[in-house]
Amino acid sequence: MIEKEAWGVDYERYALGKLIKRFVKKYNIKKVLEIPAAGVKAMPSIYSLAFGEAGCEVTLVNADEKSKRIWSNLGFNVNFVDIIDITKT
């Protein structure tokens, strides 16, 4: 299966990734929480990858299995948390 995305999405991820890495350095960001991490993008939690690349500890809440495999394979500092009712966190 080939997934097609709208024009400019790749550049958006590239530009946002660079911006996130600058923020991490400027504001000394160490930890990131994405809740919920089961979004509807090409890969849920895709925008947190830049934080992982920048060395942050990333916690993904309710990540799907595909995301868990990818994050684990990348070797980033990631935690997976499953919460039934995220309104009670």
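A heavy-atom distance below 4.5 Å is found between the side chains of T59 and V81.
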Evaluate the side chain to side chain contact (heavy atoms under 4.5 Å, CB included) criterion for residues N62 and I35: first the C-alpha distance (whole Å), next the side-chain angles of each, then the deciding distance (0.1 Å), finally the verdict. CA-CA 7 Å; N62 296 347; I35 183 170; over 6 Å; no
For the pair E34 and V61, evaluate side chain to side chain contact (heavy atoms under 4.5 Å, CB included) and give the outcome as yes or no after the intermediate values. CA-CA 6 Å; E34 185 171 340; V61 176; over 6 Å; no
Using the side chain to side chain contact (heavy atoms under 4.5 Å, CB included) rule, take S72 and F80 through it: C-alpha gap first, then chi angles, then the decisive distance, then the call. CA-CA 10 Å; S72 295; F80 303 107; 3.8 Å; yes
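The list of salt bridge (Lys or Arg N to Asp or Glu O under 4.0 Å) pairs with a residue in residues 67-80, not counting sequence neighbours, reads E65-K68, K68-D82.
The side-chain contact (heavy atoms from CB on, under 4.5 Å) test applied to I29 returns F23, V24, Y27, V32, F51, C56, not counting sequence neighbours. Scanning for side chain to side chain donor-acceptor pair (under 3.5 Å) contacts around N28 gives K30, with sequence neighbours left out.
Expressed to the nearest 0.5 Å, how far OG of S48 lies from CD1 of I20 amounts to 7.0 Å. Taken from OH in Y14 to CG in L19, the straight-line distance is 12.0 Å, to the nearest 0.5 Å. How far CD1 of I84 is from CD1 of I86: 12.5 Å, rounded to the nearest 0.5 Å. Interatomic distance, CG of L60 versus CZ of F76, reported as 11.5 Å (0.5 Å rounding).
Annotation for G17 and A50: closest pair CA-CB, 3.7 Å, computed over non-hydrogen atoms.
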